[in-house]
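Values below: all heavy atoms of this structure, side chains included; hydrogens, waters and symmetry mates excluded. Numbers restart at 1 for each chain; the letters A, B, ... are given by sequence-line order, proteins then strands.
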Protein chains: 2
Amino acid sequence: MFNKVLIAEDFQDTNLGIVDTLRRELKIGDIQEELYCDRAMNRLKVALATKAPFPLLVTDLFFKEDHNVRKLTSGKELLRAARALQPSIKVIVNSMEDDPKKIQSLFEEEGINAYVCKGRYGLKELISAVEHVYRGETFVSPQIQFQNGENVFELDNFDLDILKDLASGMTKKEISEKLKGKNITPNSESTIDKKVSKLFDEFGARNTNHLIAKLVREGRI
Amino acid sequence: MFNKVLIAEDFQDTNLGIVDTLRRELKIGDIQEELYCDRAMNRLKVALATKAPFPLLVTDLFFKEDHNVRKLTSGKELLRAARALQPSIKVIVNSMEDDPKKIQSLFEEEGINAYVCKGRYGLKELISAVEHVYRGETFVSPQIQFQNGENVFELDNFDLDILKDLASGMTKKEISEKLKGKNITPNSESTIDKKVSKLFDEFGARNTNHLIAKLVREGRI
DNA sequence: TGCGCGATTACGGATATCTGTAAGGGATTT
DNA sequence: AAATCCCTTACAGATATCCGTAATCGCGCA
């Protein structure tokens with residue numbers, strides 16, 4: 001089993017539960033915890049410099065803001081920095097997020113080793129995740145369904161930019177002009193019109209207001 | 001100090017932290033926990049029936065859905081039901097929510113005794129909250145700022161209904177007709193126009209898309 | 001009673017959105 | 001080379017929006 005683990009998690013109470021469980025169930029002696037990403041990163045550096053690197057990082061995704069100024073503000077940034085420093089480190093993400101697409105992208109883009117969804121069985125799953133990762137396998141909370149195809153439509157960056165601009169109050173004419181100014185093509189008002197209309201169909205929206213409301217609610221823009 | 005406490009919290013790990021801390025710091029012997037609102041409610045009923053009611057309920061606001069069918073789906077419903085059953089019960093809400101307006105309404109509408117915001121100091125604050133509540137006082141996490149006045153504009157139910165309809169894709173003409181059909185006044189398209197335009201000013205929005213995006217993001221519609 | 005004020009409503013004009021049709025270009029296929 | 005498909009663009013008509021002006025109504029108040 002891993003000889004030491006670093007846990008980055010800003011919820012004091014959750015933290016306590018995790019530490020306690022890992023210690024008791026997995027007999028991991030050296031469990032260290034940090035409430036801030038920056039401090040967690042420091043620990044990784046120090047451990048590596050003293051030839052006693054952490055083989056495993058368990059991190060949340062979201063860290064609440066407070067008075068402290070921070071360089072690293074999310075678990076994603078932390079795990080990227082950690083991987084840059086120490087490529088061999090195993091990473092388990094433990095968070096509330098339950099959107100399969102976002103979790104999938106953590107595996108694909110960040111190469112995490114396991115994802116555990118906080119919830120009623122979060123602790124049991126975390127133990128299972130640590131065991132899997134130790135054996136070189138990946139793990140995902142079973143309630144996460146990686147549905148491919150289905151009702152999930154892709155939004156490419158072009159669509160996304162248009163929608164963000166619309167949501168921030170720009171008209172299609174203004175967007176068209178902005179794109180022309182930046183020499184990005186396509187850029188005609190007509191094409192923007194068509195793109196957005198197609199999204200109406202895909203998302204079952206009746207007009208722009210409806211589409212924007214849906215997408216903002218889904219956290220996609 | 002309270003002789004027993006019921007904790008409703010669907011995050012297993014958080015739960016463990018809370019139970020442990022209350023037991024150690026406050027010497028509360030009888031600490032019971034439930035992962036589901038319905039079961040928590042049952043415990044309250046049984047305890048009351050056997051003449052050993054819980055003097056204190058600590059509950060989260062949000063409970064994740066799973067396969068189990070549930071009557072009570074949120075902490076708000078749970079605490080209402082609890083108060084209906086046993087009006088004297090003290091209630092501490094322990095949740096992620098950090099919107100002062102929503103928290104304030106919990107005090108004003110639901111008469112909760114304390115609100116503790118989950119976070120880096122959540123456990124320490126929870127202890128403090130229990131002590132305050134035991135002394136008959138209220139408690140709120142210090143990072144919650146009850147700002148009155150300021151930049152916070154009120155949205156009455158009429159505005160809210162219009163905005164919700166717009167966000168769901170209705171045109172102003174359709175909204176006007178819907179209101180006329182239900183004999184709700186005012187209901188002219190012109191008035192709806194004016195109302196929404198005034199909201200542009202108040203919220204610094206450039207058009208309806210912008211306004212809806214802002215309000216959805218703030219969770220107000 | 002009359003005045004003032006705000007809310008509601010009507011209306012019109014300038015823009016913007018939504019939708020359909022059609023033309024052109026580039027890439028792939030036959 | 002011709003046919004096909006997809007993307008981009010132009011254009012046009014029907015609606016919808018945004019915004020200004022002005023008339024009307026209800027209500028408190030002197």
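For DNA chain D, the neighbouring residues in residues 166-174 of chain B, judged by any heavy atom under 4.0 Å, are B:T171, B:K172, B:K173. If you check residues 178-188 of chain B against DNA chain D, you find no residue with a heavy atom closer than 4.0 Å.
Rounded to a whole Å, the CD1 atom of A:I192 is 14 Å from the C1' atom of C:dC18. For the pair B:E189 CD and D:dT17 P, the computed distance is 7 Å after rounding to whole Å. The nearest whole Å value for the distance from the CD1 atom in A:I175 to the P atom in D:dT8 is 15 Å. Nucleotide D:dA16 holds its P atom 13 Å from the CG atom of A:N209, rounded to whole Å. Here the P atom of nucleotide C:dT17 and the CD1 atom of A:I212 are 10 Å apart, to the nearest Å. The CD1 atom of B:I162 sits 12 Å away from the P atom of D:dT17 (whole-angstrom rounding). Between the CG atom of A:L163 and the C1' atom of C:dT17 there is a distance of 15 Å, rounded to whole Å. As rounded to whole Å, 17 Å separates atom C1' of C:dA16 from atom CG of A:L211.
When heavy atoms are screened at a 4.0 angstrom cut-off, A:D193 is found touching base atoms of the nucleic acid. Using a 4.0 Å heavy-atom cutoff across all strands shown, B:K195 reaches sugar-phosphate atoms only and no base atom.
Every residue two or more places apart in sequence or in another chain was checked for a salt bridge (charged side-chain N to carboxylate O under 4.0 Å, His left out) with B:E131, and none qualifies. With sequence neighbours excluded, no residue forms a salt bridge (charged side-chain N to carboxylate O under 4.0 Å, His left out) with B:D38. Residues satisfying the side chain to side chain contact (heavy atoms under 4.5 Å, CB included) test with A:I184, not counting sequence neighbours, are A:F158, A:L179, A:K182. Remark: B:D165 pairs with B:K178 by the salt bridge (charged side-chain N to carboxylate O under 4.0 Å, His left out) rule, at least two apart or across chains. Scanning for side chain to side chain contact (heavy atoms under 4.5 Å, CB included) contacts around A:D98 gives A:C117, A:I144, B:K64, with sequence neighbours left out. Remark: A:F139 pairs with A:H132 by the ring-ring contact (aromatic ring centres under 6.0 Å, His included) rule, at least two apart or across chains. By the salt bridge (charged side-chain N to carboxylate O under 4.0 Å, His left out) test, A:E97 is found to be paired with no residue, residues two or more places apart in sequence or in another chain being considered.
The salt bridge (Lys or Arg N to Asp or Glu O under 4.0 Å) analysis of residues 75-93 of chain B, with sequence neighbours excluded, yields the pairs B:R80-B:E110. Sorted by first then second residue, the side-chain hydrogen bond (donor to acceptor under 3.5 Å, both in side chains) pairs that include residues 134-144 of chain A, not counting sequence neighbours, are A:E125-A:S141, A:R135-A:E137.
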Just the table, please: protein N/O against nucleotides 21-25 of chain D N/O, every pair under 3.5 Å.
from	atom 1	to	atom 2	distance (Å)
D:dT21	O4	B:K194	NZ	3.4

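When the shell of 6.0 Å around NZ of A:K198 is examined, it contains 12 or fewer heavy atoms from other residues, nucleotides or ligands. More than 12 heavy atoms of other shown residues, nucleotides or ligands fall within 6.0 angstrom of atom CZ in B:R43.
When the side-chain nitrogen and oxygen atoms of B:T191 are compared with OP1 and OP2 of C:dT9, one or more of them lie within a distance under 4.0 Å.
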